[in-house]
Engineer: 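Handing you a structure now.
Computed over heavy atoms, backbone and side chain alike; hydrogens, waters and symmetry mates excluded. Keep in mind that this is a model prediction, so the values were computed, not measured. The first residue in the sequence is number 1, and the count goes up from there.
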Amino acid sequence: ITYIYRMKEGNKHMKKKKISKKVEVEESNVYVFFNTITKVMLFVDAFTYDEAMNKFDLCAFGFRKDWKVFLELDRQPT
């Protein structure tokens, strides 16, 4: 939200005008990689599973079989 302040001629008071901008934001997901041996958790922000796996591979962790992948959901079951 942006506020614009204007003063009119002959008027000592300022007027405030509210301008709102709508911005579209792409939503990404949080993938959690959990190492079952060391109990280390790696949080990866990605749009797709493949993108999350590529980011994980960039870390070059050994023994991939020791890692589990979890996905954070925006709505949790009640």
Engineer: Among all residues two or more places apart in sequence or in another chain, which pass the side chain to side chain donor-acceptor pair (under 3.5 Å) test with Asn29?
Structural biologist: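 Scan of Asn29 (side chain to side chain donor-acceptor pair (under 3.5 Å), adjacent residues dropped) gives none.
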
Engineer: Distance-only check: which donor-acceptor pairs under 3.5 Å involve side-chain atoms of residues 60-71, not counting sequence neighbours?
Structural biologist:
unit_1	atom_1	unit_2	atom_2	d
Arg64	NH1	Asp57	OD1	3.3

Engineer: Hydrophobic side-chain clustering at under 4.5 Å (ILVMFWY, transitive links): who's grouped with Leu58? Put none if nobody.
Structural biologist: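 Reading the cluster by chain and number, Leu58 sits alone, since nothing else belongs.
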
Engineer: Using a 3.5 Å cut-off and no angle test, enumerate the donor-acceptor pairs between side-chain atoms of residues 42-54 and protein atoms at least two apart in sequence or in another chain.
Structural biologist:
unit_1	atom_1	unit_2	atom_2	d
Asp45	OD1	Ser28	OG	2.6
Asp45	OD2	Ser28	OG	3.3
Thr48	OG1	Glu51	N	3.1
Glu51	OE1	Phe47	N	3.0
Asn54	ND2	Asp50	O	3.3

Engineer: Just verifying a value: how many Å separate Tyr31 OH and Glu72 CD, rounded to the nearest 0.5 Å?
Structural biologist: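 Going from the OH atom of Tyr31 to the CD atom of Glu72 covers 11.5 Å.
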
